[in-house]
Amino acid sequence: MAASWVLAAVFLLAGVYGHETANTEEFDVRPGGLEHSFSLSLGDYSCTFTYVAQGGTNEQWKMSVGVSEDNQLFSCSIWRPQGSSYLFFMQFKATVTGGKIEFSEAYSQTSADGLRDVPLKKSEYEISETAVSNIPGAFSSTLSKLVLVVRSTHDEL
């Protein structure tokens, strides 16, 4: 429950404070079996989504990054606004710089068209200090959203 509160607070902060502390951009997730990456940076932080996908055609996805007012928390969300993806993800990895991951969740379905977020099983992905990635052989190949909350490794004086 505490992680949900932290997550909500970070997103609220990211949405309330102007362009200097939040940024959202669209990008295409492209099938074809090749590795692709998309990155956004904000201040001392960055988030990179790297994936390999198959099936269908390009999908529009979004990445949103935000920094709390005290510059101690960084959020990175990667998602398909239309809800579930029809692509088959062979692998995925989200990496961050500027801090250590404090909370992360991956979802097979996002809330769209009246549906609820459906988290991946914890056995399908792993979380390290700076990355969230699928576990080969355990990942169901469905991904629609990744959320990361990062705490700064820099102390303010």
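This structure is a prediction, so every number in the text was calculated from the model and none was measured.
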For F89 together with W61, are the ring centres under 6.0 Å from each other? yes
Side-chain heavy atoms of T153 within contact of K100, under 4.5 Å: yes
Quick check: do D44 and F74 have side-chain heavy atoms less than 4.5 Å from each other? no
Applying salt bridge (Lys or Arg N to Asp or Glu O under 4.0 Å), can you list everything that pairs with K121, at least two apart in sequence or on another chain? none
With sequence neighbours left out, the residues meeting salt bridge (Lys or Arg N to Asp or Glu O under 4.0 Å) with K122 are E105
Considering non-hydrogen atoms only, spot the tightest contact between A106 and L146 and give its length. CB-CD2, 3.5 Å
With sequence neighbours excluded, what pairs up with E25 under the side chain to side chain contact (heavy atoms under 4.5 Å, CB included) test? N23, F38, L40
Supply the atom-to-atom distance N134 CG to E126 CD, rounded to the nearest 0.5 angstrom. 8.0 Å
Gap separating the OG atom of S144 from the CD atom of Q82, nearest 0.5 angstrom: 10.0 Å
Atom CG in L34, atom CE in M90: separation rounded to 0.5 Å? 9.5 Å
Can you see which heavy atom on I135 is nearest to which on S123, and at what distance? CD1-O, 3.4 Å
Is any side-chain heavy atom of Q91 closer than 4.5 Å to a side-chain heavy atom of S133? no
With sequence neighbours left out, write down each residue that passes side chain to side chain contact (heavy atoms under 4.5 Å, CB included) with N58, or none if nothing qualifies. D28, R30, P31
Would you find a donor on one side and an acceptor on the other, under 3.5 Å apart, between the side chain of S104 and the backbone of V147? yes
State plainly whether one hydrophobic cluster holds both W79 and V96, where clusters connect Ile, Leu, Val, Met, Phe, Trp and Tyr through side-chain heavy atoms under 4.5 angstrom apart. no
Is it true that, when you exclude Q60 itself, more than 12 heavy atoms of the residues, nucleotides or ligands shown sit nearer than 6.0 Å to its CD? yes
Under the side chain to side chain donor-acceptor pair (under 3.5 Å) test, which residues partner S85, sequence neighbours left out? E59
So which pairs with a foot in residues 46-56 pass side chain to side chain donor-acceptor pair (under 3.5 Å), sequence neighbours left out? S37-T50, S39-T48, S46-T97
Please report the interatomic distance CZ(R80) to NZ(K145), rounded to the nearest 0.5 Å. 14.0 Å
What's the spacing between L143 CG and I78 CD1 if we round to 0.5 Å? 8.5 Å
With Q109 via side chain to side chain contact (heavy atoms under 4.5 Å, CB included) - residues at least two apart: S84, L115, V118
Residues which pass side chain to side chain donor-acceptor pair (under 3.5 Å) with E124, listed by chain and number, not counting sequence neighbours: S140
Does F27 belong to the same Ile/Leu/Val/Met/Phe/Trp/Tyr cluster as V132, with side-chain heavy atoms less than 4.5 Å apart forming each link? yes
Tell me every residue that passes ring-ring contact (aromatic ring centres under 6.0 Å, His included) with Y125, counting only those two or more places apart in sequence or in another chain. none
Residues two or more places apart in sequence or in another chain: which of them pass side chain to side chain donor-acceptor pair (under 3.5 Å) with T57? Y86
T24 meets the side chain to side chain donor-acceptor pair (under 3.5 Å) criterion, sequence neighbours left out, with S64
Go through the steps for F103 and I127 under the test side-chain contact (heavy atoms from CB on, under 4.5 Å), then give the verdict. CA-CA 9 Å; F103 170 83; I127 304 168; over 6 Å; no
Does Y45 reach the side chain of C47, with side-chain heavy atoms less than 4.5 Å apart? no
Can you hop from L120 to F88 via hydrophobic side chains spaced under 4.5 Å? no
Mind checking side chain to side chain contact (heavy atoms under 4.5 Å, CB included) for A131 and listing every partner two or more places apart, or none if nothing turns up? K93, T95, S128
